[in-house]
2 protein chains.
Amino acid sequence: MKPNVGIREVAEHAGVSVGTVSNVLNHPKNVTPANLAKVQRSMLELGFVRNDLARQLRMGAGSTIGLVVLNISNPFFADLAHALEAEAELNGHTVILGSSDQNAEREDRYIDLFEEQRVRGMLIAPLDGVTPRLSRLRSRGTPVILFDSSADPEHFCSVTLDGTAGGYMATSHLIETGRRSILFAGGPFSQVGERLTGASKAAREHEGVTLSLMETNDLTVAEGREVGDRILAMPAASRPDAIFAANDLLAVGILQSLILASDLSVPDDIALIGYDDIDFAASTMVPLSTIRQPRDLIAREALRLLHEEADAGSGHVHGRHLFMPELVVRESTRSAGAAAGAAGAAGGAGVAGGSVASSDASTARGTAAKRTGA
Amino acid sequence: MKPNVGIREVAEHAGVSVGTVSNVLNHPKNVTPANLAKVQRSMLELGFVRNDLARQLRMGAGSTIGLVVLNISNPFFADLAHALEAEAELNGHTVILGSSDQNAEREDRYIDLFEEQRVRGMLIAPLDGVTPRLSRLRSRGTPVILFDSSADPEHFCSVTLDGTAGGYMATSHLIETGRRSILFAGGPFSQVGERLTGASKAAREHEGVTLSLMETNDLTVAEGREVGDRILAMPAASRPDAIFAANDLLAVGILQSLILASDLSVPDDIALIGYDDIDFAASTMVPLSTIRQPRDLIAREALRLLHEEADAGSGHVHGRHLFMPELVVRESTRSAGAAAGAAGAAGGAGVAGGSVASSDASTARGTAAKRTGA
DNA sequence: GGCGCGAAATGAAACCTTTCAGCGCCAGGC
DNA sequence: GCCTGGCGCTGAAAGGTTTCATTTCGCGCC
C-alpha cells in the first residue's frame, strides 16, 4: 500500500526537520510542545512505525537478547525463558530463542545467527562447557552469560544454581529420612556432574550409606520410565530404598514406572526426589520432593549481569553467581515412620553438615547470591 | 578491542572492493576463486561477522519471526515454539518470543515491539480474537498468521486445530464408553468456545446425556485442582461421571485433586479426558486420555503460510487451515466394564457419529488439512 | 535598540550492508 | 585487426535512523 513511511516523510508532513522528529522519539523534552504535538499527529496520520533495525544499526548494538537452551520443551527452561522474557520486556528488549536440542551443531548455528543479529548479549546453557567458539564470541565483544557454574569465572560471567549444594541437600535429606541405599539416576553425567558430586559427598559423610549410579542419555520422562523399569527388573533385595533423579522430568518418569508396578510404594518402599521443582512436581500422583531453583531470580540476575557487561565494555569484571537451591519436601520422601520435621518448603533444614558448600547454603537461605570475582 | 570490522575493512585487507566482498557472501559463484579465497582468508583473520541488522535494513525486511503466545509455560505452547523454531532455523530465520500472559496490554506491547523490529511476520494466539490493532498491523504490510480458527478468513490466515471437532470427539468418546453425566471444565469460554461447542453438539445427539459447565479463569494445573475440589464438594449423587477438561493442564490438576480423595477412582467413578496431549499426559498417575494436536504440522504449515504471505505481497489469498485433531485413548477413560477396543493411539475410532465434523475427522486422519479459502 | 545567551531546530554525516550501472579486459568471430 | 559479448570487479547510492556541530530564534538586560 503505502511505500514505507519513515522519519523523513513524517518530518515533511509535519513541516519540521528529521532531527526534530528523531528528538520527538528519543528526547521529547527538547522539543517545543507545539512541535511535539504536530509531529505526533503526523505520525498517527501516516501510520509511522519506527524502524528498529535502522535504529539499532545506528546505535551500534541491539535491543535483542539471545537465549540458547538445551531444550525449550523442558519446563525448567520454558519457565526460565518466560521469566527472562518478562524481565527483558521491561526494558523494551526482546528475547530470541534457540533450542540446541543437545546438538552441538545446532548450538553453533544459533550462536552464529545471534552474533550476526548483533544481539545485546547471549545467555547460554552450553552443551560442552566453554568451547573456544564461546571465547572467540566474547573476545569479539558480545556479552555472554552462562548457565553453567563450571565455567571459568576469569573469562565469563555465569549464573547458576549451586548444583553441588543441591545434590548434597537432596541426598542428605534422603539419608536423614532413613534411607541407606541410594541410587543416583541422570545423565549425561557431563551435564549433571555437580549434582552427582554433591550426592556422593553426602553419601561419603555417612556411615553405611551406599550410592549407586545409573546413567541416562537424557533428562526426559521417557528416560525416567526406562530407569524405573530397570529398577523393577532388579531382584527386590538389591533395589535401592531411595532414588535421587537428576531432574524432575526423570523423576516423573520413574514415579510413573514404579507406581504402575503396584507392589512398590513411593515413598514407603522407595523414596524419590527430583530436581528443579517444575510446576508438575506438585501434581504428580505422589507429590514430588525436589530441589527448587529460583528461576525468576536467576533470570533477573542474568539480565543484570548482561546489561552490566554490555554497558561497562571491557572494564567489566566477570563473576560467577551461585544461587543456593532450596529443598522442597513433599510426599515422595516422607519418612517411613513419622514425618521428619515440618513438611513444605522448609529450606535447607536437612543440610546442617559441616561442609563449606552446605554452610554457605544455610547462610544464603536460598535467595542471596555469592560472588566469586576475578 | 577491535573497532567493529565490517565489509569495508575486509575489502581493504583483501585488496578488493566492498562489492566483491558482498558478492563473496551472497553470490559466491560470481567471484573468481582466487579472490574468493583471498576474501575468505581476510574474513577469518579479521574475525569478520556479517552485520545482519544492516543487511535486513538494506534488503527491506527481516529474517525474524515473532511469536506471541498466551503463556510459554504451557507445555503446548512450549512445544509449538520448539517446533517453530526448529523449522525456522532451517531457513536461517529466528524466532522471537512473546508471552502475553493473558494480558492484553502485554500482547499489545509485543505486537508493537515486533512490528518495530520489522519481523518477517507474526504468529499470534490472540487474546480477544481479531482486534482492530491486528487489522491495522496487517494493512501496514506485516504478515499475520493466527492460531485461532474463529478469525475472519477473508482478512487473515489462520492455522488451528478444529476445536469443534476435537470437543466432539472427546465428548463422543466419553458417551460411547458409557458415561452420561458429563462436565465440561475450562475457560475463559472465549478461549475454549469451540471445544465447548463440539462437546455440546455431541451431547445433544445422544438421548439421556447431560452436559454441565464449570468455567475457569485459566487453563492451569492450579485451576484444575480447584475444579477437582469443587467436584468433591458436590453431593455424591449429583457428581458427573465424566469430565472433559479443556486442556491437559487442567486435567492434571483435576486428576490430582480427585485422586487425593481416595474414595473416588479414575476412571471407574469419574472418567477424565484432556486436550493437547502434552508430554505429561502419558505420565500422570492415571495416564490421561486426550485430544492430540499435531504441533509440528501446525508449526510447519504456519511458517509456510507466513512465507507465502510475505513473498506474495498483496496478491495473497488468505485461508483458514483447520487440522483435524486425533483422539488418544489412555487409562483415564477406560470404560467401567471391558476395555473399549484397543487402547493406545487408535485415532478417531470412537468418532463414528454421523456429523459432518466427525466424518471429516476420520477422513483427514489427523494429518491432512482442509482449506477454506477466500 | 543592540547585545548576548540559552533553547530549539536543522541538516549532513555515519552506521553497514546490498544492489547496480558502468568499466576494463579477454576471447572469439568476422 | 577490430568489434562484440561476457565476465568480474568497482564504487557510489540507498535504506532509516541517531548524533552533533551549526544555525536560528526569542528574550531579557543593559
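First the proteins, then the strands, lettered A, B, ... as listed; each starts at 1.
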*asked:* Could you tell me how far apart A/Q117 (CD) and C/dC16 (P) are, to the nearest whole angstrom?
replied: 17 Å

*Check whether any side-chain N or O of B/N26 sits under 4.0 Å from OP1 or OP2 of C/dT18, and answer yes or no.*
yes

*Within the pair A/S17 and C/dT10, is there a side-chain N or O less than 4.0 Å away from OP1 or OP2?*
yes

*CG of A/L53 versus P of C/dC15: gap in Å, rounded?*
18 Å

*What is the distance, rounded to the nearest whole Å, between atom CG of B/D52 and atom P of C/dC15?*
19 Å

*Most 5' of B/N35 and A/L57 on DNA chain D, judged by nearest nucleotide*: B/N35

*State whether B/S22 places a side-chain N or O below 4.0 Å from either non-bridging phosphate oxygen (OP1 or OP2) of C/dT17.*
no

*Bounds of contact between DNA chain D and chain A, in 5' to 3' order, using a heavy-atom cut-off under 4.0 Å*: D/dG16 to D/dT19

*When you check the phosphate oxygens OP1 and OP2 of C/dT18, does a side-chain N or O of B/R55 lie under 4.0 Å from one of them?*
yes

*Give a yes/no answer on whether the side chain of B/R50 brings an N or O atom under 4.0 Å of OP1 or OP2 in C/dT18.*
yes

*Side-chain N or O of A/H27 less than 4.0 angstrom from OP1 or OP2 on C/dA8?*
no

*Is a side-chain N or O of B/E9 found less than 3.5 angstrom from the main chain of B/G6, in a donor-acceptor match?*
yes

*Relative to the 5' end of DNA chain D, which residue comes earlier, A/V49 or B/N23, by the nucleotide with the nearest heavy atom?*
B/N23

